[in-house]
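To start, the structure itself, in structure tokens.
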Number of protein chains: 2
Amino acid sequence: MRTAGRPTLEAVARRAGVSRATVSRVVNGSTTVAEEIREAVHRAVAELGYVPNLAARSLVTQRTDSIALVMPEDANRVFSDDQFFPGIIRGVSQELEAADKQLVLMLAGSPAGRERVARYTTGRHVDGVLFASLHAADPLPALLAQLGIPVVCNGRPLDGAGLPYVDVDHVGGVSRAVEHLIGTGRRRIATIAGPSDMVAGIERLAGYRQTVAAAGLSARVAVGDFTRESGAAAMRDLLAQHPDLDAVFVASDLMAQAALRTLREAGRRVPDDVAVIGFDDTETAAYTEPPLTTVRQPIQEIGRQMTRQLLRLAAGGSIEPALVLPTELILRDSA
Amino acid sequence: MRTAGRPTLEAVARRAGVSRATVSRVVNGSTTVAEEIREAVHRAVAELGYVPNLAARSLVTQRTDSIALVMPEDANRVFSDDQFFPGIIRGVSQELEAADKQLVLMLAGSPAGRERVARYTTGRHVDGVLFASLHAADPLPALLAQLGIPVVCNGRPLDGAGLPYVDVDHVGGVSRAVEHLIGTGRRRIATIAGPSDMVAGIERLAGYRQTVAAAGLSARVAVGDFTRESGAAAMRDLLAQHPDLDAVFVASDLMAQAALRTLREAGRRVPDDVAVIGFDDTETAAYTEPPLTTVRQPIQEIGRQMTRQLLRLAAGGSIEPALVLPTELILRDSA
DNA sequence: TTGTATGCGTTATCAT
DNA sequence: ATGATAACGCATACAA
């Protein structure tokens with residue numbers, strides 16, 4: 001049996017000729033250690049290549065210094081090629097890195113996956129949980145909050161639970177988009193909405209409805225699920241139901257890209273015959289044919305803000321229950 | 001000071017009227033426990049809502065039941081909207097879920113980030129490490145391997161270290177693409193290569209070079225970094241340097257999408273004047289104008305296989321040093 | 001300022 | 001088959 005494992009606090013202490021407690025102090029940056037001794041310890045640490053055992057530390061501190069980011073695996077949106085998923089992760093990572101915490105990624109698509117996430121998070125194996133892109137009314141966030149585990153969601157939780165969340169101004173962005181269409185003379189404005197069990201889908205549709213209503217126009221709605229395929233199908237439906245439409249607001253760039261192609265195949269010119277506006281401003285938007293006018297949302301910033309809020313919560317602080325980030329209309333050639 | 005923390009093994013033991021050891025056995029599925037007692041324990045566990053403390057377990061078992069996936073944060077490729085990054089993650093997650101292990105995601109873009117990754121992984125806070133999309137000769141993988149920490153890379157490590165890796169058949173895929181161009185009468189075939197410090201960039205360029213050489217054609221090379229922007233710039237260079245080109249193999253779909261646009265802006269028709277073939281077969285490929293002929297690589301499968309290999313390694317097993325997955329030419333309209 | 005002693009919640013070894 | 005008991009590596013209250 002090799003005792004040749006990695007060096008422990010004990011080993012460093014022996015080497016530096018001090019006690020474990022002192023080494024622990026130095027390692028954790030306590031200021032009440034004599035300069036001389038501190039240096040000796042640092043030297044010993046370097047020589048031995050000592051790295052603290054996180055499990056041991058966690059056992060006594062009751063903290064894990066890691067947080068979980070939960071995403072619904074089956075959301076096509078999450079794994080299609082818009083930047084939503086990577087953007088969120090990147091934002092979260094940046095903030096976490098600054099706080100020297102680890103990111104545990106959990107995909108909760110299948111029932112089994114959801115079960116796993118529930119076990120893991122309720123078991124307090126992380127200091128807090130971030131939920132991205134919730135579907136329907138997921139009971140887990142509220143449950144965790146009840147257990148006293150810090151939770152922050154992306155998008156207002158649909159079950160009305162008073163959980164803290166970070167989201168963008170969907171309605172404002174969509175309004176500006178639709179108003180732009182109206183302002184450029186469009187009157188028969190349709191929409192391809194997102195799924196009705198996701199906040200983003202609901203809010204963007206609401207923004208569309210209230211803006212066309214305010215202008216005295218009638219609504220023409222087809223529903224997709226944020227994927228290109230669904231966008232193409234919805235566009236075909238729309239053309240069949242309302243062949244006279246002269247504009248369409250599409251709730252995601254991916255669906256808009258597909259709609260563009262469907263319109264082209266149907267012989268409609270964009271924007272001459274039909275104006276198209278998307279939502280997201282993913283990189284693709286600038287490369288569609290024609291380049292897509294769209295509503296930009298600061299995805300990465302969502303991740304960052306969610307993380308900041310969570311860390312504040314985990315540190316025992318209090319936060320604002322909701323944080324709404326601005327959206328912006330990006331004008332290109334499609335409308 | 002509240003002792004109201006979560007229930008421990010001890011609490012369950014008291015409730016079930018047995019010893020801690022027995023509860024531990026039941027929880028870990030030992031078969032040497034009387035049926036009656038086992039049930040009593042299970043009941044107690046359920047009633048108390050007991051969940052094992054992973055830190056404590058990890059402290060004694062010397063395992064963490066989690067593995068790290070390291071990605072170079074600054075690689076534009078990783079965070080642009082091709083599915084590479086999400087695809088790898090998804091594949092890794094699936095396999096990890098099956099093995100009931102956690103995924104710790106680490107972005108190692110900045111020097112500070114790389115430092116963090118090194119500390120964390122060498123500190124054995126994970127049971128193994130997956131490296132995705134390595135840049136240049138990163139010393140970390142080899143270092144970890146030397147420390148006896150299981151490591152699997154995506155793509156053959158450039159420093160020639162004999163580390164196990166999983167990759168796709170770049171050369172084979174590119175050869176088929178270029179041969180297709182030749183077979184359809186193209187003779188002035190250029191390429192937009194990927195970065196020369198990444199395996200994918202190097203291999204795909206090699207595949208191009210050897211195939212055109214074998215056909216007695218001359219090479220025309222421009223270099224990009226897998227991003228759209230770089231693709232557009234490279235395409236402009238190519239048109240300036242070799243205005244007579246009649247085909248271009250582009251090392252990523254993103255760059256190809258930009259090249260398509262650049263060609264269109266330059267008044268070249270695709271595929272009539274210039275044939276274009278990409279690499280990746282991301283979702284976008286089917287929606288470009290015209291739809292992109294491209295080389296498909298099984299991204300998600302890379303993630304799965306890497307994970308399988310790593311778990312095998314972590315379990316003390318041995319694995320093949322290299323696993324090369326097949327690529328496939330997908331014919332659409334651009335070539 | 002430094003050292004001693006204790007406990008965090010598990011698993012595993014050894015008796016029984 | 002079950003129960004004591006000893007680690008695992010660390011942070012911290014308390015003593016010095």
Side-chain angles (χ1 to χ4, degrees), chain A residues 1-42 44-45 48-66 119-120 122-125 127, chain B residues 1-42 44-45 48-66 119-120 122-125 127:
Chain A
M1 181 195 288
R2 309 181 316 140
T3 330
R6 29 198 290 246
T8 71
L9 215 52
E10 176 70 37
V12 177
R14 269 201 308 271
R15 176 104 178 193
V18 297
S19 74
R20 288 203 312 253
T22 298
V23 177
S24 177
R25 290 187 189 104
V26 172
V27 168
N28 291 301
S30 166
T31 50
T32 68
V33 176
E35 186 54 32
E36 192 182 356
I37 292 196
R38 172 199 307 287
E39 289 202 356
V41 170
H42 275 141
V45 164
L48 265 40
Y50 169 75
V51 182
N53 180 317
L54 292 191
R57 173 179 286 171
S58 178
L59 187 55
V60 43
T61 60
Q62 305 280 35
R63 288 173 310 127
T64 63
D65 288 322
S66 67
R119 265 211 335 271
Y120 194 77
T122 58
R124 296 178 187 269
H125 302 317
D127 296 341
Chain B
M1 181 194 288
R2 309 180 319 138
T3 329
R6 29 199 289 245
T8 72
L9 215 51
E10 176 70 38
V12 177
R14 267 203 307 274
R15 175 104 177 193
V18 297
S19 72
R20 288 202 311 252
T22 298
V23 176
S24 177
R25 290 189 187 102
V26 172
V27 168
N28 291 300
S30 165
T31 51
T32 67
V33 177
E35 186 54 30
E36 192 182 356
I37 292 196
R38 170 199 307 287
E39 290 203 354
V41 170
H42 274 140
V45 165
L48 265 39
Y50 169 76
V51 183
N53 180 318
L54 292 191
R57 172 180 290 171
S58 179
L59 186 56
V60 44
T61 59
Q62 306 278 36
R63 289 174 310 128
T64 63
D65 287 323
S66 66
R119 266 209 337 269
Y120 194 77
T122 58
R124 297 178 187 268
H125 302 317
D127 296 341

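Numbered from 1 within each chain, the chains take letters A, B, ... in sequence-line order.
Among C:dA5, C:dA12, C:dT11, the nucleotide with an atom closest to any side-chain atom of B:Arg57 is C:dT11. Among C:dG9, D:dC10, C:dG3, the nucleotide with an atom closest to any side-chain atom of A:Val60 is D:dC10. Closest approach to the B:Arg25 side chain among C:dC14, D:dC10, D:dG9 is made by C:dC14 (side chain taken as heavy atoms from C-beta onward). In the set C:dT10, C:dG3, D:dT2, the nucleotide with an atom closest to the side chain of B:Ala34 is D:dT2. Candidate nucleotides C:dT13, D:dG9, C:dG9 were compared by shortest atom distance to the side chain of B:Ala56, and C:dG9 ranks first. With D:dC10, C:dT10, C:dT11 as the candidates, the nucleotide lying closest to the side chain of B:Asn28 is C:dT11. Side chain of B:Thr22, nearest nucleotide from D:dG3, C:dC8, C:dG3: D:dG3.
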Review point. Going through the distances and angles, do A:Ile37 and A:Arg25 end up as a side chain to side chain contact (heavy atoms under 4.5 Å, CB included)?
Key: CA-CA 11 Å; A:Ile37 292 196; A:Arg25 290 187 189 104; over 6 Å; no
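Of all non-hydrogen atoms in B:Arg38 and B:Ser30, the two that sit nearest each other are NH2-O, 3.6 Å.
Distance CG (B:Asn53) to P (D:dG9): 16 Å, rounded to an integer number of Å. One atom, CD of A:Glu35, and another, P of C:dT1, lie 12 Å apart when rounded to the nearest Å. The interatomic distance linking B:Leu54 (CG) with C:dC8 (P) rounds to 18 Å, in whole Å. Rounded to whole Å, atom P of C:dT10 lies 14 Å from atom CZ of A:Arg124. With rounding to whole Å, B:Glu10 atom CD is found 10 Å from C:dC8 atom P. The separation between B:Asp65 atom CG and C:dT11 atom C1' is 13 Å, rounded to whole Å. As rounded to whole Å, 17 Å separates atom P of D:dA6 from atom CG of B:Leu59. Between B:His125 atom NE2 and D:dG9 atom P there is a gap of 13 Å when expressed in whole angstrom units.
Base contact: B:Leu9 has a heavy atom under 4.0 Å from a base atom. At a threshold of 4.0 angstrom between heavy atoms, the contacts of A:Val27 with the nucleic acid are absent.
Within the structure, every side-chain polar atom (N or O) of A:Thr8 is placed at least 4.0 Å from both OP1 and OP2 of D:dG9. The side chain of A:Thr32 places no N or O atom within less than 4.0 Å of a non-bridging phosphate oxygen (OP1 or OP2) of C:dT1.
Both B:Arg20 and B:Ile37 lie close to DNA chain D; mapped to their nearest nucleotides by heavy-atom distance, the more 5′-ward contact belongs to B:Ile37.
B:His125 is not listed as a side-chain neighbour of A:Asp65, based on a closest heavy-atom distance of 4.5 Å or more. For the pair B:Thr8 and B:Asn53, the minimum side-chain heavy-atom distance is 4.5 Å or more.
Looking at B:Arg6, its side chain does come within 3.5 Å of a backbone N or O of B:Val51 through a donor-acceptor pair.
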